[in-house]
Amino acid sequence: MSEQSKNHKARAQELVSQMTLEEKALLLSGNGSWTTHPLERLGIPSIFMTDGPHGLRKALGPNIAESVPATCFPTASALASTWNTELIKQVGAAMAQECQANDVQILLGPGNNMKRSPLGGRNFEYFSEDPTLAGQLAASYIQGVQSEGVGTCLKHFAVNNQEFERMVNSSNLDERTLREIYLPAFEIAVTQAQPWSVMCSYNKVNGVYASENHLLLEDILREEWGFEGAVVSDWGAVHDRVKGIMAGLNLEMPGSGDVNRKKIIEAAKTGLLPVQRLDEVVASLVAVVLKAAESRKTGVTFDVEQHHALARQVAGESIILLKNEDNLLPLDVGAKKKIAVIGAFAKEPRYQGAGSSQVNPTRISNAYDELLALVGGSERIRYASGYDIEGVTTAQLLEEARQQAKDADVAIVFAGLPDSHESEGFDRSTLDMPEGHNRLIDAVSQVQPNTVVVLMNGSAITMPWLGRVKAIVEGWLTGQAGGGAIADVLTGRVNPSAKLAETFPMRLEDTPTATEFPGLNQQAHYGEGVFIGYRYYDKRNITPLFPFGFGLSYTTFAYSELTFSAPSIKDTETLTVQLKVRNTGKVAGKEIVQLYIREDRPVVSRPDKELKAFTKVALEPGEEKTVSFTLKQRDFAYYNTALHRWVVNPGRFDILVGGSSRDLPLRKHVQVETTQVTVPTLTRNSMVKEFKKHPKGQEAYTLLKNVIMGSFEEKRHVKRTPQEEYAWKKAEMSTLVFVNDMPAYKLINFSEGKFTEQMLNDILAQVQ
Ligand code: BGC
């Protein structure tokens, strides 16, 4: 714990020791929707929290539709596509300046849940389907915001992967899946960036509300990961307030008046809630309030233009070039070229998500105006809206679009998902775009061979027209400056350098949760286990529409010379991996180098490969750089559910490096030795064969085995005909199989008591 945190904690404890029971109970619930209660008597101020995550949404009154103007940055799926941790830090710092300017102490973000199904209504607000990528990006976001003295609230902890019945649903999953897929993004963010607060989710995890989940909030978050801040409930996630306090939930949001306050006081008086526990929970919260108060800056202003420019820069880095046949892009904007801009999104973009993250932007750019500004000459740019706000088209709208497209040199169709298709609060019912958008693309591509599709959507969609258009640009929900950024990419002012942080499947039936999502009777069964996202498509050998990690550039890159610091390592040592990447094209560009690990002979069913490291490299034409990664024990390990910890299975691991999960030209293997010998504890329930494998179990094994096999031993040398000998051997073999798989205690019954409970206890004592 840092010195500063220690001081806040000590001061908070001292203040708590001076509080009455009523005051403690008061502090544990919000003062209305966005603030904590002040305690003037003890000099404890109130702090202000607000959404998040892609810009400041400070409500002006009870209606959240009215909020202060703030820069609307790209949403998480777009931010994640940059794979650029430094840039995300800058975005965080800019949002924090806007918080300081508006006297906000905690920004409610980042959202860090895994994208289990592409139908998840809130996928636009989450980073990735991969825990390593999401964790690193969340850590950068937190570091950026907190560097300006504003706290973050990492959300929604945990296993909150659907919107359907989110307040009652139980996410039911096995321990390994929880540890390997759903927790690590939070773990990385907490251990690397120490957010001031964590928001527990609405849902239950294996039947226990996240807001009452001691395993999550106390054992894992605080004990294992060393979280020093306060746990805040999602808005309305509290169920039983006293159980929540026992589990480690500090602050209930929004405030519940005196409803839960009375319950806390009552429980403390009857002893149901020990005073010491109450004090701990209040003290952690007060420590955060003190830190927030100390970090408050007055007189902060921010430069609206500069933040808009940053929003444009980051949007430009998050736009993915998915297809570019015949190098149709960047557009040839020569003086005589005519461009048809089709689709209402070109003028009225969908640029952010709906729900609690909705920002009131300081300004808004659209691709049509921005293209006009960059290309010049309004006579060269034609427009047709193509569909209405819900994505519905008509014969007339299609005809207008065709007319405009036909006479142009290139047509750019803007399409995607309208607001009503994805939002916080409900999941998507289909992977498809509205029919009107698909029909529009078909209509335009029939008359114009040079068709570009620009997409505005927060999560994966299907593309039935993929083969009929030459270029596809994934424009995401790129915030208020997205229009300018799209124009930058289309015209080549910005060379696209983004890659998918989530798989785009061909069709819903191919997805890992096709038959399970979103669950039934308030139960979501995570039957696909650790196989979500690319882990699933790889394992099932399913070709996705576009794989995880994929994205094109206006230049090309070549990989070479993969080297390791050693051909084999112990799991206590690190491995340094180096390689070279060169820009082999004619323009400057940035490449996202991805490193995956594959275990050669796993003992549990593991993904074909898993992302463990990445970096983004800027390269001038012809330039080559050396990239270096350091791998450690955890990168090779799986979560062992018998031992409840991360374990490396010794053997060979392949290191795969390249520019997409399905294009990894560099490969080389390393041997990893395990230093932690895992000796399982033998009990009366252990099978006889397990004694054989145990380092101290040889003698015990012989004793146990011979309780039944003894009769074979005694008559081993009796003379038998070949036929009798054959039958004898067969019987011996099948009896041995039977004995080996038998729990040791069963020998007592099988021997009719000749092998006694005492004998078993003596054997067990020997092998401890
Ligand atoms: C959302 C949170 C949000 C909170 C406050 C909840 O409904 O799930 O993400 O921070 O509201 O607006």
Side-chain angles (χ1 to χ4, degrees), residues 29-36 47-68 70 72-73 75-77 79 95 99 102 104-115 120-127 134 138 141-142 145 150-169 171 185-186 189 195-205 209-211 229-239 249-256 352-360 422-427 458 477 518:
S29 184
N31 182 15
S33 293
W34 309 112
T35 55
T36 57
I47 61 167
F48 204 107
M49 286 164 259
T50 189
D51 293 292
H54 318 119
L56 174 67
R57 196 224 32 190
K58 185 178 184 186
L60 288 168
N63 185 343
I64 55 162
E66 293 164 344
S67 57
V68 298
C72 178
F73 287 96
T75 78
S77 36
L79 284 179
M95 289 191 293
C99 288
N102 284 284
V104 166
Q105 284 69 51
I106 292 184
L107 187 66
L108 301 174
N112 203 21
N113 294 92
M114 290 292 99
K115 304 191 197 205
R122 229 170 162 178
N123 280 9
F124 70 87
E125 220 174 324
Y126 297 136
F127 292 116
Y141 176 112
I142 294 166
V145 174
V150 172
T152 52
C153 191
L154 178 66
K155 66 192 188 180
H156 307 89
F157 190 59
V159 208
N160 181 199
N161 313 100
Q162 66 186 58
E163 293 301 285
F164 180 68
E165 300 183 347
R166 60 179 172 160
M167 289 205 186
V168 291
N169 175 63
S171 302
F186 287 97
W196 292 10
S197 63
V198 165
M199 187 187 292
C200 69
S201 53
Y202 287 123
N203 55 288
K204 299 174 192 167
V205 178
Y209 280 104
S211 61
V231 176
V232 178
S233 75
D234 197 346
W235 268 231
V238 168
H239 183 67
L249 169 63
N250 303 88
L251 178 65
E252 174 190 27
M253 287 305 289
S256 59
Q352 65 169 326
S356 57
S357 67
Q358 197 167 319
V359 173
N360 173 16
E422 60 180 340
S423 168
E424 176 181 338
F426 59 86
D427 295 311
L477 307 179

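When reading the values below, keep in mind they use all heavy atoms of this one structure, side chains included, and skip hydrogens, waters and symmetry mates. Here the structure is a predicted model, which is why all the values come from computation and not from measurement. Counting starts at 1 for both ligands and their atoms, in listed order.
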I'd like to check which ligand 1 atoms, numbered from 1 as shown, lie under 4.0 Å from a non-hydrogen atom of Lys155. 2 (C), 3 (C), 9 (O), 10 (O)

Have a look at Thr50 and tell me which of Asn102, Thr35, Val68, Val104 forms a side chain to side chain contact (heavy atoms under 4.5 Å, CB included) with it. Val104

Nearest option to atom 11 (O) of ligand 1, as decided by whichever heavy atom of Asp234, Asp51, Val232 sits closest: Asp234

Ligand-residue contact atoms, ligand 1 with Met199, heavy atoms, under 4.0 Å: 10 (O)

How far apart are the C-alpha atoms of Tyr209 and His239, what are their side-chain angles, what is the distance that settles it, and do they pass the ring-ring contact (aromatic ring centres under 6.0 Å, His included) test? CA-CA 8 Å; Tyr209 280 104; His239 183 67; 4.1 Å; yes

Atoms of ligand 1 less than 4.0 Å from His156 heavy atoms? 2 (C), 8 (O), 9 (O)

Between atom CD1 of Ile106 and atom CD1 of Ile47, what is the distance when rounded to the nearest 0.5 Å? 4.0 Å

Do Arg122 and Thr75 have side-chain atoms, one donor and one acceptor, less than 3.5 Å apart? no

Which of the atoms of ligand 1 are close to Leu108, meaning less than 4.0 Å from one of its heavy atoms? 10 (O)

Which segment of Met253 sits under 4.0 Å of ligand 1 when only heavy atoms are counted: neither

Structural part of Arg166 in contact with ligand 1, heavy atom criterion under 4.0 angstrom: side chain

Could you tell me if the side chain of Met95 sits less than 4.5 Å from the side chain of Leu107, heavy atoms only? yes

Here's one to test your reading of the geometry: is the NZ or CZ of Lys115 within 45 degrees of the ring axis of Tyr126 and under 6.0 Å from its centre? no

Numbering as shown, the atoms of ligand 1 that approach Ser356 to under 4.0 Å (heavy-atom distance): 1 (C), 2 (C), 3 (C), 9 (O), 12 (O)

Check Asp51 with Lys155, please: is the shortest side-chain N to carboxylate O separation under 4.0 Å? yes

Shortest protein heavy-atom distance from atom 7 (O) of ligand 1, along with the residue and atom involved: Tyr202 OH, 2.8 Å

Which ligand 1 atoms are under 4.0 Å away from a heavy-atom of Trp34? 5 (C), 12 (O)

Output the list of atoms in ligand 1 that are nearer than 4.0 Å to some heavy atom of Glu424, sorted by atom number. 1 (C), 6 (C), 7 (O), 8 (O)

Hey, does Arg122 sit under 4.0 Å from ligand 1 if you only count heavy atoms? yes

Which heavy atom of Gly353 sits nearest to which heavy atom of Leu477, and what is that distance? N-CD1, 3.9 Å

Does this structure show an ion pair linking Glu424 with Arg166, if we count only N-O contacts that are shorter than 4.0 Å? yes

Have a look at ligand 1 and work out which part of Met49, if any, has a heavy atom under 4.0 Å from it: side chain, backbone, both or neither. neither

Atoms of ligand 1 close to Arg57 [distance to a heavy atom under 4.0 angstrom, numbered from 1]: 12 (O)

